[in-house]
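Working notes for the structure below.
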Amino acid sequence: MSSTLESPSPLNNPTQSTSGLSVLRMASAGDASRRVAREIGSLIRHRASQHRNCVLGLATGSTPIRVYRELVRMHREEGLSFHNVVTFNLDEYYPIKPDAAQSYVRFMNQHLFDHIDIVRANVHIPKGTIELEAVPGYCRDYDELIASSGGIDLQLLGIGRTGHIGFNEPGATRDTRTRMVKLDDLTRLDAVKDFGGIEHVPLLAITMGVDSILQSRRIRLLAFGEHKADIVQRAIEGRISSTIPATYLQTHGDVQYLLDDAAADCLSSATLGETIR
């Protein structure tokens, strides 16, 4: 794994004032999630008014659940339609069956897709049952399908304690595309509660690559809780390096971190403004 320090953080270098990275410290995780959900809803409606699809990149785990809950509420109470929405999920464990309790297919159905009017043919989640020898071709097709769908308008992200985005673990380079990866030991440890023991946590996953993610027009990363504070600080204020793949987001033209107070605790005052309430 490379640990080359490639370039300084734009937030620590005043000459790089054109950086598209911004940080919002929100009053609560709920406020941050509602803000992102409203942005997604506005984007969906705008695309619908143009008779165009809205292409969303979606994440799993506990962090985006409140976003999905708010989107479901907007669908039910405000008439937000997902009929023009195409989705691509970041990743999936490998191997895993779609009906397994820990599968991201089941997660997305439970928290979003079963409750909205999305066209099921427009839902794309990496397959955890693909034959091993077919994985490379399948991954190429996944990236090509994103491109042929018009590219991702907004990518929703969380951040792992290793600094991973998707399952791009330490060592992932800037040019990586969708592929099979080996999960970091810390990532597997964090998943123990879901699988009921480290021996049951898959060793592998299929993930969109760093470059696949950076192709998105907008990126919104949510992070909550004191256990994310250190890695958030390193991702935003540290130097760009493959040892923390989230640092590559510093190079994107429109990326926004939405943090609660606890996750923002290690950031410098130069990075943070006032809390948005």
**OP:** Please test R188 against D184 for salt bridge (charged side-chain N to carboxylate O under 4.0 Å, His left out), starting from the C-alpha separation and ending with a verdict.
**Re:** CA-CA 6 Å; R188 294 183 67 237; D184 187 270; over 6 Å; no

Gap between atom [atom2] of [Y] and atom [atom1] of [X] - 0.5 Å precision:
X    : Y    : atom1 : atom2 : result
I146 : T178 : CD1   : OG1   : 5.5 Å
T247 : R174 : OG1   : CZ    : 11.0 Å
M180 : C139 : CE    : SG    : 7.0 Å
L43  : H46  : CG    : NE2   : 7.5 Å
S103 : M108 : OG    : CE    : 11.0 Å
L259 : L267 : CG    : CG    : 6.5 Å

Do any N or O atoms from the side chain of [X] and from the backbone of [Y] form a donor-acceptor pair under 3.5 angstrom?
X    : Y    : result
R25  : D261 : no
T187 : L183 : no
Y94  : I130 : yes
D91  : P126 : no
S28  : D31  : yes
K97  : T129 : no
H124 : T87  : yes

Original post:
For the residue pair Y104 and Y93, does the interplanar ring angle fall in the parallel (under 30°), tilted (30 to 60°) or perpendicular (over 60°) class?
Top reply: tilted

Original post:
Parallel under 30°, tilted from 30 to 60°, perpendicular over 60°: which one fits the rings of H164 and F167?
Top reply: perpendicular

Original post:
Just one of Q155, H252, E39 clears the side chain to side chain donor-acceptor pair (under 3.5 Å) bar with R218, so which one?
Top reply: E39

Subject >> Near-ring test F82/F113, centroid separation under 6.0 angstrom >> reply: no

Between [X] and [Y], what is the shortest heavy-atom contact and its length?
X    : Y    : value
H115 : H111 : CD2-C, 4.0 Å
Q256 : R35  : OE1-NE, 4.3 Å
N53  : D153 : O-OD2, 4.0 Å
Q233 : C266 : CG-O, 3.2 Å
L156 : P64  : CD2-CB, 3.8 Å
E237 : Q250 : N-NE2, 4.5 Å

Please check if any side-chain donor atom of [X] sits under 3.5 Å from a side-chain acceptor atom of [Y], or the reverse.
X    : Y    : result
N109 : R120 : yes
D117 : S81  : yes
S212 : D143 : yes
T173 : T176 : no

Original post:
Any chance NE2 of H83 has more than 12 other-residue heavy atoms, nucleotides or ligands included, within less than 6.0 Å?
Top reply: no

Subject >> Neighbour count >12 (heavy atoms, 6.0 Å) for atom CD, E199 >> reply: yes

**OP:** Walk me through it: do N168 and R179 pass the test side chain to side chain donor-acceptor pair (under 3.5 Å)?
**Re:** CA-CA 10 Å; N168 293 284; R179 68 206 186 285; 2.8 Å; yes

Subject >> Check against salt bridge (charged side-chain N to carboxylate O under 4.0 Å, His left out), R73 and E78 >> reply: CA-CA 8 Å; R73 187 202 65 77; E78 301 176 11; 2.7 Å; yes

**OP:** Determine, step by step, whether D254 and R217 satisfy the salt bridge (charged side-chain N to carboxylate O under 4.0 Å, His left out) criterion, reporting the C-alpha distance in whole Å, the side-chain angles of both residues, the deciding distance to 0.1 Å, and the verdict.
**Re:** CA-CA 7 Å; D254 186 356; R217 294 179 183 88; over 6 Å; no

